[in-house]
Amino acid sequence: EPEVTQTPSHQVTQMGQEVILRCVPISNHLYFYWYRQILGQKVEFLVSFYNNEISEKSEIFDDQFSVERPDGSNFTLKIRSTKLEDSAMYFCASSSSPPRSYNEQFFGPGTRLTVL
Amino acid sequence: AQSVTQPDIHITVSEGASLELRCNYSYGATPYLFWYVQSPGQGLQLLLKYFSGDTLVQGIKGFEAEFKRSQSSFNLRKPSVHWSDAAEYFCAVGAGDSWGKLQFGAGTQVVVTP
């Protein structure tokens, strides 16, 4: 069964460093998402992406964050200068249909980011 | 603004017993509602979803959920719990005017005892 994969599973970085979280969505999916979950808090939407453009972003997704689909398979989330409060589990998701059709979003296992 | 509340942070249930997880939402229009499950080390897996129609929705792994507009609820149920159902369960709502933004509840951790 096709699945969303994410690498690395755990990333430890120093405050102020750049990190890139990688995701490989399901191959025929066209709509991509990032969510995050700070320990003990809710899963929060960060950004949605379609046709090489951001479709929607939350207030969390400030100038420190960027997303990219560098090739036909990967979808990345970059944090330019990490802060302690960026420590969280980051989930990638993808779907095959436009969001308004509310087809399922398939989630990856997450990358745990720890900022020291 | 829309919101999702899962009142129970943690539930312990005996294997074979029934399970009900509560979810309340706040949203002006008809919401799109989802239940996801997360097992340790795994991603979020969709159990079931409600868009419209029959208010009793059947999902995978023997789960069902009932949409009650009058109570703004979408509670998840399973008649007989298995040890493998131990996981964290998330209720989520999608806004009809949003590009797929899901808003999640805080989650309910389910522990299954022998």
Side-chain angles (χ1 to χ4, degrees), chain A residues 1-7 9-10 23-26 29-51 53-61 88-112, chain B residues 1-10 23-27 29-53 57 59-61 63 67 74 87-109:
Chain A
E1 185 175 330
E3 59 182 15
V4 177
T5 59
Q6 291 184 243
T7 55
S9 58
H10 191 190
C23 168
V24 179
I26 294 173
H29 286 187
L30 301 175
Y31 302 85
F32 313 113
Y33 313 87
W34 283 101
Y35 293 80
R36 78 172 186 189
Q37 184 181 29
I38 294 171
L39 190 63
Q41 298 186 23
K42 296 182 179 184
V43 176
E44 303 170 290
F45 170 83
L46 292 178
V47 66
S48 58
F49 188 86
Y50 168 68
N51 200 27
E53 289 184 344
I54 290 174
S55 304
E56 184 175 3
K57 60 183 180 179
S58 72
E59 60 275 9
I60 301 168
F61 195 89
M89 180 74 88
Y90 288 80
F91 293 104
C92 173
S94 69
S95 66
S96 59
S97 303
R100 288 189 178 88
S101 70
Y102 282 96
N103 215 2
E104 177 180 355
Q105 290 182 27
F106 289 81
F107 283 78
T111 292
R112 179 163 297 285
Chain B
Q2 66 199 61
S3 66
V4 181
T5 302
Q6 292 181 247
D8 304 305
I9 296 171
H10 188 273
C23 173
N24 293 98
Y25 67 89
S26 172
Y27 185 61
T30 299
Y32 301 93
L33 295 159
F34 306 82
W35 274 100
Y36 281 86
V37 61
Q38 184 182 27
S39 299
Q42 304 295 312
L44 297 164
Q45 182 184 21
L46 182 71
L47 287 174
L48 45 77
K49 59 190 177 186
Y50 173 79
F51 296 162
S52 65
V57 180
I60 62 170
K61 303 186 180 189
F63 285 92
F67 171 63
F74 188 57
E88 187 148 26
Y89 292 79
F90 295 93
C91 181
V93 61
D97 57 351
S98 169
W99 282 89
K101 172 182 174 180
L102 295 180
Q103 184 153 351
F104 285 83
T108 298
Q109 184 71 47

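Just so it is clear, the structure is predicted and the values come from calculations on it, not from any experiment. Lettering of chains follows the sequences in order, A, B, ..., and the numbering in each one begins at 1.
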Most heavy-atom pairs under 4.5 Å with chain B, out of A:Y35, A:F106, A:F91, belong to A:Y35

Check whether B:Q6 gets within reach of chain A through its side chain, its backbone, both or neither, counting any heavy atom under 4.5 Å. neither

Kindly write out the residues that satisfy side-chain contact (heavy atoms from CB on, under 4.5 Å) with B:L46, not counting sequence neighbours, or none if the list is empty. A:E104, B:F34, B:Y36, B:K49

Using modelled atom types and a 3.5 Å cut-off, is there a donor and acceptor pairing between side-chain atoms of A:K42 and backbone atoms of B:Q103? no

How long is the gap from NZ on B:K101 to OG on A:S48, to the nearest 0.5 Å? 9.5 Å

Quick check on A:Q37 against chain B: is it the side chain, the backbone, both or neither that has a heavy atom closer than 4.5 Å? side chain

On a heavy-atom basis, the closest approach of A:F45 and B:L102 is CB-O, 3.9 Å

With a cut-off of 6.0 Å (strictly less than), are more than 12 heavy atoms of other residues, nucleotides or ligands near CD1 of B:I9? no

